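The basis for the numbers below is simple: all heavy atoms, side chains too, and nothing from hydrogens, waters or symmetry mates. Residue numbering restarts at 1 for every chain, and letters A, B, ... go by the order of the sequence lines. Please read all numbers here as calculations on a predicted model, not as lab measurements.
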Protein chains: 4
Amino acid sequence: MKKNKPKYMQIIDAAVIAIAENGYHQAQVSKIAKQAGVADGTIYLYFKNKEDILISVFEEKMGNFIEKLNELIAGNGTAVEKLLRVIESHFRLLSEDHHLAIVTQLELRQSNKELRLKINDILKGYLQVIDKILIEGIGTGEFPSSLDVRLARQMIFGTIDETVTTWVMNEEKYDLVTLALPVQRLLINGCGNVE
Amino acid sequence: MKKNKPKYMQIIDAAVIAIAENGYHQAQVSKIAKQAGVADGTIYLYFKNKEDILISVFEEKMGNFIEKLNELIAGNGTAVEKLLRVIESHFRLLSEDHHLAIVTQLELRQSNKELRLKINDILKGYLQVIDKILIEGIGTGEFPSSLDVRLARQMIFGTIDETVTTWVMNEEKYDLVTLALPVQRLLINGCGNVE
Amino acid sequence: MKKNKPKYMQIIDAAVIAIAENGYHQAQVSKIAKQAGVADGTIYLYFKNKEDILISVFEEKMGNFIEKLNELIAGNGTAVEKLLRVIESHFRLLSEDHHLAIVTQLELRQSNKELRLKINDILKGYLQVIDKILIEGIGTGEFPSSLDVRLARQMIFGTIDETVTTWVMNEEKYDLVTLALPVQRLLINGCGNVE
Amino acid sequence: MKKNKPKYMQIIDAAVIAIAENGYHQAQVSKIAKQAGVADGTIYLYFKNKEDILISVFEEKMGNFIEKLNELIAGNGTAVEKLLRVIESHFRLLSEDHHLAIVTQLELRQSNKELRLKINDILKGYLQVIDKILIEGIGTGEFPSSLDVRLARQMIFGTIDETVTTWVMNEEKYDLVTLALPVQRLLINGCGNVE
DNA sequence: GATGAATGAGTCTTCATTCAT
DNA sequence: TATGAATGAAGACTCATTCAT
């Protein structure tokens, strides 16, 4: 299993840095290799081609994150609390890794349709986490039984994504993690007055 | 003013078709020229470079749309009603133009950071429309005065965008315009039960 | 028709020189372009890819030669005389074009199987010329009716080819055209004593 | 002497198979090593470089064959008979080793000029065998004293080679050994009628 | 002797843009 | 205005060879 070799993760991490610092289209294989401290050809001992590096970046970084999320929402707590945890974790992950934030929110979106389809496959795991919370919340009566889960999921994911992207585009000038609570409240209560 | 010449819009429309049918990276200048029925060199009489075509595509198509939105929210009605009109208009615009939907939701996002910054400039007009509605709604008491306008705007825009993107990715299999009302209700009330 | 453009033949001729002087594998597209006095990209306005240049070299040079041979054997004369003309023409063509001789006898044989299959297709025209002579000779009684045309053709072509290759490998130190007559006699009478 | 070690021939035989099955340019050192059941690096304990393997293939296979030919023509018999034996042996050798036939007639010809010069050195031994027969034949009066030995040798070798190549290119669909006699007769008597 | 992970040089092709007509 | 032939820069990937174990 190649993934256990240290060079595998070494190249993955180098790719994140190279893409964040140079942009997606300027992150040539030779730059990634240099950043990783290996020869160009070594890349191809661990990855099939350049696209394979990029998919693996997403798989390793987001795949692990989604696993963590599943643990996070497995325990006790209301659906509303769990939603907060997910948003907070998401915001924290990207707050703590400047390079990763740039790569996932800006650079990797420049990839071609084929690559983005594979990225979407990975993201499905995230969407399922949101779905679980929603269904659980409907079960506990926290959310109305009339809630359209698909639409609600799109709202939650779209809001989180847009919030992070805006933050990255504003050069991360403000604290993102602090926004988790107000974002969650907004998602739970919407914009309307509760009278 | 070049923009008044007939070939200007001819090339813009050709670009939308060429990008939608071939994908962003396969929509070479020569393909756009062929689609527009002009010579490659003619493109450069109307546009500074390829990027300028793409920005102009967005400017013309979304710019006009934003103007229309401003008219739409200038008249009478509550903020809540106006939000519905915006969502409905947005969904209708893209439902009616298959090519434009693919281009704005999928293809143009593959452009480089620089181009996307310029696209974001244009989108600011859209975000201002949302802000106006939110501020108006706070004024009329429809929305709580504690509402964080920036976050609310990110939720509204993020949700609309995610909903449209999901619809395009699902090959537009279901009716998008019908979703305007439930999406608006979700944005107003959130996921939570109103007790 | 691209072939009427002057640059088409300009590139073909440049390819012959570049291959002859640098060897097949060292004749990079950029070298051929430089030799032809055009930009690298211009090559691709006239040829699909590098292989297409090489096939076209053979087509243009040998294709024309085979046409000439067909005229040569169409007129009057015995089959034996016509065979001499063919050998002489072949020897003269390559004697007069040093570069072409190297390319056809040595360099083009290094190409991959696919390319050589296409070269063989072109050569079939040559083999048909030999067949025509043989069949005519059998008709006139110059050759025995028991002659196996396929084997005889292989002898004739193999002998001519081997003679030219040996001459090129010996750096063309002796006169090739002079050998046409003794080679023809050998092919007609074989090694054996006629008693 | 490396050549006496069992792995030496093991690698030679693996090279013949690897080249025959994959083609000259697709027969990477690693494929040859795998076929031979040794590690890549082991190859370099027995051969200086890749070219050295290929030369050795020819040396071992054709070198041995030429020795056998020399024995074959040392004994009694006329020159004409000996020529038949040579052709028959040659045809039989390649008929019996499908892989070897492909390698010598098609694949090894794709090698670069340098390698082919070395191959030609080995082939000189073969050409000397033919020369011996021709000179002997002139001595016995079987061949005319006016025979140009160099040209006759080129005819004999060229004919044999072309016959074998055609047979390989036709996927060895017919029996090659049977052709030895008619080929010999053709070489002795030529195409002409003997009256 | 044997291994196999690591190296790094080398090239074809695309396509945005120009400019002579 | 309009044309379209010509330009030329730029990058992913392969594979023979080495050398520490």
Taking atom C1' of E:dG4 as reference, at what distance in whole Å does atom OH of A:Tyr44 sit?
21 Å

Residues two or more places apart in sequence or in another chain: which of them pass side-chain contact (heavy atoms from CB on, under 4.5 Å) with D:Ala20?
D:His99, D:Ile102, D:Val103

Just compare E:dT17, E:dG1, F:dA2 and give me whichever is closest to any side-chain atom of D:Leu45.
E:dG1

Numerically ordered, the residues 24-38 of chain B set in heavy-atom contact under 4.0 Å with DNA chain E is B:Gln26, B:Gln28, B:Val29

side-chain N/O D:Tyr46 vs E:dA2 OP1/OP2, d < 4.0 Å:
yes

Among pairs that include at least one residue of residues 33-43 of chain C, which meet side chain to side chain donor-acceptor pair (under 3.5 Å), considering only residues two or more places apart or in two chains?
none

Compare side-chain N and O positions of A:Lys48 against OP1 and OP2 of F:dC13 and report whether any pair is under 4.0 Å apart.
no

Stem list, DNA chain E (Watson-Crick or G-U pairing under 3.5 Å, at least 3 consecutive pairs):
E:2-21 with F:2-21

Nearest whole angstrom, please: distance from the P of E:dC15 to the CD1 of B:Ile53.
14 Å

For A:Thr42 and for C:Ile43, find the nucleotide of DNA chain F with the closest heavy atom, then tell me which residue's nucleotide is more 5'.
C:Ile43

5' precedence on DNA chain E between A:Asp40 and B:Gly41 (nearest-nucleotide basis)
A:Asp40

Test D:Lys31 against D:Glu21 for salt bridge (Lys or Arg N to Asp or Glu O under 4.0 Å), laying out the working first.
CA-CA 11 Å; D:Lys31 264 190 195 143; D:Glu21 293 189 345; over 6 Å; no

Non-neighbouring partners of D:Lys7 that pass salt bridge (Lys or Arg N to Asp or Glu O under 4.0 Å), sequence neighbours left out:
none

Write down the distance between CG (D:Asn49) and P (F:dC15), rounded to a whole number of angstrom.
17 Å

Counting only N and O atoms by type, is there a donor-acceptor contact under 3.5 Å from the side chain of D:Glu107 to the main-chain atoms of D:Gly23?
no

Does B:Lys7 reach a base, just sugar-phosphate, or nothing at all? Heavy atoms under 4.0 Å.
sugar-phosphate

Atom NZ of C:Lys50 and atom P of E:dT14: how far apart are they, to the nearest Å?
15 Å

The complete set of ring-ring contact (aromatic ring centres under 6.0 Å, His included) pairs with one or both residues in residues 9-37 of chain D, sequence neighbours excluded, reads C:His25-D:His25

Going by atom types alone, do B:Asn22 and B:Gln28 pair a side-chain donor with an acceptor below 3.5 Å?
no

If the plane angle is over 60° it's perpendicular, under 30° parallel, otherwise tilted; pick one for B:Tyr126 and B:Phe65.
perpendicular

With heavy-atom distances below 4.5 Å as the criterion, would you say the side chains of C:Ile43 and C:Lys50 are in contact?
no

Of D:Glu51 and C:Ala39, whose nearest nucleotide on DNA chain F comes first from the 5' end?
C:Ala39

